[in-house]
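Since we're looking at a predicted model, the values are computed, not measured.
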Amino acid sequence: PLIIASTFLSKIVVGLFFLASGAALGDAYRADPGRLAAASGSLFALVNAGFAAGIAISRWLPMQGTNMGIRIGYAASTVMAASAAIVAGVAMRETMAASQRVPFELTKFNPVSCLRLLRCGREMR
């Protein structure tokens with residue numbers, strides 16, 4: 001149960017991070033595509049550096065020999081993901097003025113709308 005919960009939490013936090021950071025960068029640099037591309041590139045470079053650092057640091061976790069090592073690895077991952085969620089919750093602020101925000105409408109939300117891309121072939125409509 002711990003491994004399932006930690007994996008779920010990690011996946012949710014990573015997805016929300018990319019969604020929120022992409023939206024914030026889009027709001028901040030929507031008038032300047034060159035700066036948006038540069039900021040996005042810097043963000044993804046930092047994320048990949050974090051992944052690389054995590055892999056390098058993980059070798060010091062006691063993983064050898066027992067099943068407990070896997071639990072420690074997942075626990076460390078969960079702690080880092082929860083820390084990131086807390087920091088994002090405290091530090092992330094709305095990037096658009098209230099007058100420019102578009103309210104979310106659940107009636108227009110379709111979680112499988114991406115499947116339309118499979119029917120479009122090489123050209124998107």
Peer 1: Give the table of side-chain donor-acceptor pairs shorter than 3.5 Å for residues 34-42, with sequence neighbours excluded, one pair per line with atom names and distance.
Peer 2:
unit_1, atom_1, unit_2, atom_2, d
Ser40, OG, Leu36, O, 2.9
Ser42, OG, Ala38, O, 3.1

Peer 1: How about CE on Met96, more than 12 heavy atoms from neighbouring residues, nucleotides or ligands closer than 6.0 Å, or not?
Peer 2: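 More than 12 within 6.0 Å, yes.
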Peer 1: Would the number of heavy atoms belonging to other residues, nucleotides or ligands and lying under 6.0 Å from CZ of Phe8 be above 12?
Peer 2: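 Not more than 12 within 6.0 Å, no.
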Peer 1: Starting from Tyr29, can I reach Val47 by hopping between I/L/V/M/F/W/Y residues whose side chains sit under 4.5 Å apart?
Peer 2: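 The answer is yes; both residues are in one hydrophobic cluster.
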Peer 1: Are the aromatic rings of Phe51 and Phe44 close, with centres under 6.0 Å apart?
Peer 2: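 When the ring centroids of Phe51 and Phe44 are compared, they turn out to be at least 6.0 Å apart.
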Peer 1: If hydrophobic clusters are built from ILVMFWY residues whose side chains come within less than 4.5 Å, do Val79 and Ile86 share one?
Peer 2: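 No, because Val79 and Ile86 fall into different hydrophobic clusters, even though each may have its own neighbours under 4.5 Å.
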